[in-house]
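Below is one structure; the comments refer to it alone.
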Amino acid sequence: MVDKQKVEAAVRLLLEGIGEDPERAGLAGTPDRIARMCEEIYGGLEQDAAEPLSKTFPAEGSELVLEKDITFYSMCEHHLLPFYGKAHIAYVPNGHVVGLSKLARTVEVYARRPQIQEQLTAQIADALMEHLAPAGAMVIIEAEHMCMTMRGVKKPGSKTVTYASRGCMETEQMQEKIFRMISMG
């Protein structure tokens with residue numbers, strides 16, 4: 001739960017620390033706005049991936065399911081700057097499937113926390129394995145990090161790609177199949 005009073009006090013101190021007047025007309029409402037924003041962008045701290053992944057449907061067969069281009073936004077835990085991009089989730093069902101929107105909700109649960117991309121990728125894959133018990137799962141994330149774009153090396157457009165594979169998706173053959181499917185228009 002976001003403590004709005006603490007966030008507001010911290011924002012006031014930050015503004016003072018950078019030499020601004022937190023009572024200036026343009027900044028007067030900023031501490032409140034930032035506190036409300038924190039409730040939204042860090043809302044995943046209060047959520048559990050078990051919730052979106054708990055409603056499943058029986059499914060015969062074990063054909064690959066791929067949900068690609070799931071847009072997400074997260075905050076780098078090192079600089080508290082955004083990183084954003086696309087997540088691709090693949091899994092091989094084991095008698096049941098989950099609604100496609102639930103895959104996107106699972107991405108949101110973990111993306112809406114202070115996070116690093118490598119951990120985000122692994123957490124989603126692990127949640128799928130734990131709550132869906134598929135034969136295998138693979139998560140690929142491609143993201144641009146504002147800590148690389150607007151500070152430090154200042155390289156806009158550079159992307160970081162991470163992936164995590166579990167179960168039957170750990171084979172090179174399955175991974176190549178997923179990468180080909182993602183690259184299809």
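Residues: numbered from 1 along the sequence shown.
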Is [Y] reachable from [X] through a run of I, L, V, M, F, W or Y residues, each pair having side-chain heavy atoms under 4.5 Å apart?
X	Y	value
V161	V139	no
I141	I116	no
F57	V98	yes
I140	L64	yes
I178	V97	no

Please tell me if the side chains of [X] and [Y] come closer than 4.5 Å, counting only heavy atoms from C-beta onward.
X	Y	value
C38	V2	yes
Q117	F83	yes
I70	I89	yes
C76	C147	yes
S158	V153	no
Q119	Q115	yes

For the residue pair [X] and [Y], what are the closest heavy atoms and their distance?
X	Y	value
F72	E142	CE2-O, 4.4 Å
H79	R151	NE2-NH1, 3.5 Å
P31	A28	CD-O, 3.8 Å
A127	A49	CB-CB, 3.9 Å
H131	A50	CE1-CB, 3.4 Å
A125	A164	CB-CB, 3.9 Å

Looking at residues at least two apart in the chain, or sitting in another chain, which of them share a side chain to side chain contact (heavy atoms under 4.5 Å, CB included) with [X]?
X	answer
S165	M138, Y163, M169, E170, Q175
E176	E172, R180
S62	V92
M146	L81, P82, Y84, T149, M150

Using atom types as modelled, flag every donor-acceptor pair under 3.5 Å from a side chain in residues 4-17 to any protein atom, sequence neighbours excluded.
| residue | atom | partner | partner atom | Å |
| --- | --- | --- | --- | --- |
| R12 | NH1 | E8 | O | 3.3 |

Handout entry: Sequence-distant partners of R166, salt bridge (charged side-chain N to carboxylate O under 4.0 Å, His left out), two or more places apart
Key =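 Here the qualifying residues are D126.
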
Practice task
Could you tell me which residues satisfy salt bridge (charged side-chain N to carboxylate O under 4.0 Å, His left out) with R36, sequence neighbours excluded, listed by chain and number?
Solution key: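 Scan of R36 (salt bridge (charged side-chain N to carboxylate O under 4.0 Å, His left out), adjacent residues dropped) gives D32.
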
Handout entry: More than 12 heavy atoms from other groups under 6.0 Å of CZ on F179
Key =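 Yes.
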
Handout entry: Set of side chain to side chain donor-acceptor pair (under 3.5 Å) partners for T121, sequence neighbours left out
Key =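 Checked T121 against side chain to side chain donor-acceptor pair (under 3.5 Å); matches are T162.
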
Exercise for the section: Return the set of residues passing side chain to side chain donor-acceptor pair (under 3.5 Å) with E118 (not counting sequence neighbours), or none when no residue passes. Expected result: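 Here no residue qualifies.
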
Handout entry: Main-chain N/O of G85 paired with K159 side-chain donor or acceptor, under 3.5 Å
Key =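 It does not hold such a pair.
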
Problem - Donor-acceptor contact below 3.5 Å, side chain K155 vs main chain M148 - result: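 Absent.
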
Exercise for the section: Quick one: pull up CE in M181 and CG in L66 and give me the separation to the nearest 0.5 Å. Expected result: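 Atom-to-atom, M181:CE and L66:CG are 5.0 Å apart.
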
Problem - Rounded distance [0.5 Å steps], CG in L53 versus CE in M129 - result: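 Between L53 CG and M129 CE, I get 12.5 Å after rounding to 0.5 Å.
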
Practice task
Quick one: which residue pairs count as a salt bridge (charged side-chain N to carboxylate O under 4.0 Å, His left out) with a foot in residues 39-59, not counting sequence neighbours?
Solution key: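 Residue pairs passing salt bridge (charged side-chain N to carboxylate O under 4.0 Å, His left out), neighbours aside: none found.
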
Handout entry: Residue pairs passing the side-chain hydrogen bond (donor to acceptor under 3.5 Å, both in side chains) test where at least one lies in residues 85-98, sequence neighbours excluded
Key =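 Applying side-chain hydrogen bond (donor to acceptor under 3.5 Å, both in side chains) to every pair that reaches into residues 85-98, excluding sequence neighbours, yields T71-K86.
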
Ignoring hydrogens and angles, write down the donor-acceptor pairs under 3.5 Å from the side chains of residues 100-110, residues two or more places apart or on other chains.
| residue | atom | partner | partner atom | Å |
| --- | --- | --- | --- | --- |
| T106 | OG1 | K102 | O | 2.8 |

